[in-house]
Amino acid sequence: MTVTAQTTAQGPGRDIDLATAVSLLSEATSVTVLCHVQPDADTLGSGLALALALDRRGVPVQVSFAQPETLPQSMRTLPGVDLLVPAHRVADEVDLVVTVDCGSRGRLGGLGDRLDRARETLVIDHHRSNTRYGRHNLIDESAEATAAVLTRLFDLWGVDIDRDLAHCLFAGLVTDTGSFRWVQPGTHALAERLIDTGIDSAGITRRLLDTHPFGWLPMLSSVLGSAQLVPAAVGGLGLVYALVRYEDTAGMGAEEIESVIDIVRTTAQAEVASVFKENEPGIWSVSLRSKSAVDVSAIAGRLGGGGHRFASGYTATGAADAVVAELLAAVG
Ligand code: MN
């Protein structure tokens, strides 16, 4: 484990409860909220909801993520985006840095150094692979989304979850649950509560998950044509994978590239699905999904990444054949 190396200069991280997190937030005089690189709607929705709550209390607050330079199209209508600042404009020193939905310091990219210069650091997350890299860590591995953790925190803090906050939180909930496929007791009750504020839940969902430019269709044709089934992999449970090569990504947004795994993982003959996404020539971010029997966060962890039991990822470097071979060796 590399937990020690990843904790802040302030000392080893400790797990805290909601009440301690509320104390930290209510005492903070200035806050930076950091989302993970290649932000999804859970990290950004959670980050913006928290920033809106702080802004309404009169606390100076910035929200940011290290990469990419611009916000993905599908998230530009989230309330609170005016509190977003480009990575190079994030304050060097601040009273409290809060990270949301970010399982390791590495997922902060070039903004990880802001943890070292903050008076306090608070990590709010639900990844089972979370490395406790903050001084204070509010981690709920049972939560379906970081947005659900934020909701409980707001309730204890006395924050009014109005339509704007509900919009942000619903964005995280609907994406992390795969449009309410992966739920637990309480998930639908939370959704109902958020929808009851008057948000356009269908419109939010469509914009985040069901909207792509026409070029997505020929891209899918090329990428899905590359899919391979390896029945003997994963101890005979089967692996299916596809490659999104660098040339396939031209003109495509993150939403288009991230959508591929949701098609590949439907393969009946494979317990584990993988999509290799070549962000830069020879540099791949790899998505892993499993159905029920395999813990892909452990596989991703062996390859330097992390995530959840049924959804995880890691970064790989090299030629396509080599990165595929590396995964085949790791899944057994
Ligand atoms: Mn999440």
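Indexing begins at 1, ligand by ligand and atom by atom, following the structure's order. Heavy-atom basis, side chains included; hydrogens, waters and symmetry copies ignored.
Closest approach between the Mn ion (ligand 1) and any N/O/S atom of D42 involves OD2. Of all N/O/S atoms in H126, NE2 sits nearest the Mn ion (ligand 1). Among the heteroatoms counted here (N, O or S) of D101, OD1 is the one nearest to the Mn ion (ligand 1).
Note on R119 versus E93: no salt bridge recorded, every NZ/NE/NH1/NH2 to OD/OE distance being 4.0 Å or above. Ion pairing between a basic and an acidic side chain is recognised when a charged N comes within 4.0 Å of a carboxylate O; D160 and R56 show no such pairing.
Checking D176 against the Mn ion (ligand 1), an N/O/S atom falls under the 2.8 Å cut-off. Look at D125 and the Mn ion (ligand 1): no N/O/S atom of the residue is under 2.8 Å from the metal.
In this structure the side chain of S292 reaches within 4.5 angstrom of the side chain of E271, judged on heavy atoms.
Across all non-hydrogen atoms, the minimal contact from T43 to D101 is N-OD2, 3.5 Å.
Here the CG atom belonging to D196 is positioned 12.5 Å from the CD1 atom belonging to I161, to the nearest 0.5 angstrom.
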